[in-house]
Amino acid sequence: MVRKVTIGGAQMGPIAPDESRDSCVARMIEMLREAASRGCDLVVFPELALTTFFPRYYEEDISRMDHWFETAMPNTATRPLFEAAAAAGIGFYLGYAELTPEGRRFNTSILVDGSGQITGKYRKIHLPGHSEFEPWRAFQHLEKRYFEPGDLGFGVWSQHAGLVGMAICNDRRWPETYRVMGLQGAELIVLGYNTPDTNTSEPEPNHLRMFHNHLVMQANAYMNACWVVGVAKAGVEDGCMLIGGSCIIQPSGEILARAATLEDELIVAVADLDACAAPRRGTFNLGRHRRVEHYGRIVRQAGIEIPADLSAAE
Ligand code: CDT
């Protein structure tokens with residue numbers, strides 16, 4: 001069986017705070033049409049693709065942010081996207097803010113198959129930023145205020161004759177994200193991101209934002225012998241610059257396609273899922289080479305703990 005998936009990375013330019021869901025969906029459908037004409041099987045859209053990156057806004061009363069969230073999926077605004085994708089036989093990944101019937105808020109992504117059925121859901125686990133207003137920041141990043149950490153773990157789903165995993169933005173900086181999916185056989189990991197071009201958490205030269213964006217995805221594609229697709233929302237959103245750099249990375253860690261703009265832009269590459277097999281028999285044969293008896297610390301502790309004999313000597 002041929003296991004080649006033609007993947008479209010549908011980078012989106014900025015979404016203004018007052019841009020409607022309908023307008024965002026129309027932009028996505030436009031890229032979906034191009035994806036169909038270029039033979040795509042799967043299209044990856046960004047994180048929080050239906051709204052501006054609203055965690056930059058502070059609200060004392062969290063319920064006043066509810067208008068940024070979706071209470072059903074699909075819904076009136078997104079149904080045309082599901083229908084257009086199903087008509088073209090294209091699956092997709094979509095990021096959005098989810099408000100559950102119980103009133104819980106998550107930064108969520110879904111995987112949809114070529115018939116328009118939702119096959120997988122993921123809720124962002126690594127939430128960056130802070131939960132209270134921090135006046136010294138150039139802009140706020142309040143994901144920890146508006147979202148709970150995801151409660152669904154890192155899963156994989158059978159789609160396009162392969163195993164597909166999902167992550168969202170900051171998750172891509174953590175090796176555990178990829179390894180937990182890699183250990184379930186993920187051959188393709190898709191993720192969307194909104195990354196400001198300024199790191200307000202610590203001082204660093206701006207160029208490192210793009211370097212680190214690619215560094216983490218390329219390294220983890222290589223170390224897990226899988227394809228990684230990262231798709232940005234890019235450009236200046238309400239005065240805040242978001243990096244682009246959407247890319248499709250093969251299991252060698254090399255980038256096959258990369259966005260050139262900060263606008264709506266479709267990048268396309270053919271992903272041969274069987275390209276994961278050779279490194280999985282060799283260097284990254286996990287079952288053969290991993291030494292889990294020495295990895296216990298990774299799940300026992302989150303932060304740094306200096307060994308007692310060394311900290312006593314300090
Ligand atoms: N959306 C998201 O997760 N963005 C983060 C930036 C965090 S800066 C406080 C990222 O890792 O790209």
Side-chain angles (χ1 to χ4, degrees), residues 9 11-15 17 24 44-58 65 68-70 93-98 105-110 122-150 152 154 165-178 189-220 228-247 249 258-259 262:
Q11 176 173 290
M12 295 181 73
I15 299 177
C24 297
V44 181
F45 294 108
E47 173 193 35
L48 298 177
L50 299 169
T51 63
T52 200
F53 191 72
F54 65 84
R56 76 171 74 89
Y57 306 123
Y58 176 80
M65 301 297 276
W68 298 113
F69 288 74
E70 315 303 317
Y93 162 107
L94 174 72
Y96 63 97
E98 178 190 12
R105 296 171 175 80
F106 296 102
N107 188 340
T108 296
S109 64
I110 48 170
Y122 168 72
R123 291 170 171 159
K124 185 175 183 178
I125 286 173
H126 299 101
L127 296 173
H130 47 105
S131 55
E132 297 302 327
F133 187 78
E134 295 185 347
W136 50 269
R137 288 178 188 265
F139 50 86
Q140 304 296 298
H141 196 110
L142 290 153
E143 285 195 63
K144 279 183 161 47
R145 183 175 189 80
Y146 299 127
F147 303 118
E148 288 179 45
L152 301 175
F154 294 107
M166 290 188 274
I168 301 178
C169 197
N170 191 265
D171 288 321
R172 75 194 188 287
R173 304 188 192 274
W174 300 92
E176 295 85 351
T177 297
Y178 306 84
I189 294 175
V190 291
L191 64 95
Y193 58 91
N194 284 254
T195 296
D197 85 332
T198 304
N199 184 351
T200 59
S201 297
E202 75 228 28
E204 76 181 14
N206 276 52
H207 73 271
L208 290 181
R209 297 302 266 175
M210 188 61 80
F211 172 63
H212 291 153
N213 176 43
H214 289 146
L215 176 72
V216 291
M217 292 192 286
Q218 291 183 257
N220 283 284
V228 174
V229 180
V231 175
K233 175 134 66 58
V236 181
E237 242 187 21
D238 201 14
C240 177
M241 173 61 96
L242 301 170
I243 66 167
S246 303
C247 57
I249 301 164
R258 178 182 168 165
L262 296 174

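Note that the structure is a prediction, hence the values are computed from the model and not measured. Atoms within a ligand are numbered from 1 in the order they appear, just like the ligands themselves.
Close approach of ligand 1 to N194 (heavy-atom distance below 4.0 Å) involves ligand atoms 1 (N), 2 (C), 4 (N). Below 4.0 Å from some heavy atom of E47 lie the following atoms of ligand 1, by number and element: 1 (N). Less than 4.0 angstrom separates some heavy atom of K124 from each of these atoms of ligand 1: 1 (N), 2 (C), 3 (O). In summary, the atoms of ligand 1 found under 4.0 Å from a heavy atom of F53, numbered by their order in the structure, are 1 (N). Atoms of ligand 1 found under 4.0 Å from any heavy atom of S201, numbered from 1 in the order shown, are 9 (C). Listed by number with element, the atoms of ligand 1 under 4.0 angstrom from any heavy atom of E143 are 1 (N), 2 (C), 3 (O). Proximity to P128 (heavy-atom distance under 4.0 Å) selects the following atoms of ligand 1: 2 (C), 3 (O), 5 (C), 7 (C). Of all the atoms in ligand 1, the ones that sit under 4.0 Å from a non-hydrogen atom of R173 are 10 (C), 11 (O), 12 (O).
Proximity of M210 to H212: side-chain heavy atoms (C-beta onward) are nowhere separated by under 4.5 Å.
Heavy-atom proximity to atom 2 (C) of ligand 1, evaluated over P196, C169, P46, is greatest for C169.
When hydrogens are left out, the protein atom nearest atom 12 (O) of ligand 1 is T195 OG1, 2.6 Å; that is the closest non-hydrogen contact. Protein heavy atom closest to atom 8 (S) of ligand 1, with residue, atom name and distance, is R209 NH2, 3.8 Å. Protein heavy atom at the shortest distance from atom 6 (C) of ligand 1 is H141 CE1, 3.8 Å.
Proximity of Y193 to ligand 1, defined as any heavy-atom pair under 4.0 Å, is not found for any part of the residue.
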Check against side-chain contact (heavy atoms from CB on, under 4.5 Å), R209 and E204: CA-CA 9 Å; R209 297 302 266 175; E204 76 181 14; 3.1 Å; yes
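Within the 4.0 Å heavy-atom shell around ligand 1 one does not find H126. The closest approach between N199 and ligand 1 stays at or above 4.0 Å for every heavy atom of the residue.
With T52 contributing its side chain and I15 its backbone, the two residues share a donor-acceptor pair below 3.5 Å.
Under the side-chain contact (heavy atoms from CB on, under 4.5 Å) criterion, Q218 pairs with H214, I249, I255, not counting sequence neighbours.
Side-chain contact check for T198 and R137: no donor-acceptor pair (N or O, by modelled atom type) lies under 3.5 Å. In summary, the side chains of D238 and Y57 do present a donor paired with an acceptor at a separation below 3.5 Å, with no hydrogens or angles considered. Using modelled atom types and a 3.5 Å distance limit, the side chains of N220 and R172 yield no donor-acceptor pair. A donor-acceptor contact closer than 3.5 angstrom is absent between the side chains of N170 and Y193.
For residues 189-198, no residue pair satisfies the salt bridge (charged side-chain N to carboxylate O under 4.0 Å, His left out) rule, not counting sequence neighbours.
When K233, K124, R123 are each tested for a salt bridge (Lys or Arg N to Asp or Glu O under 4.0 Å) with E47, only one passes: K124.
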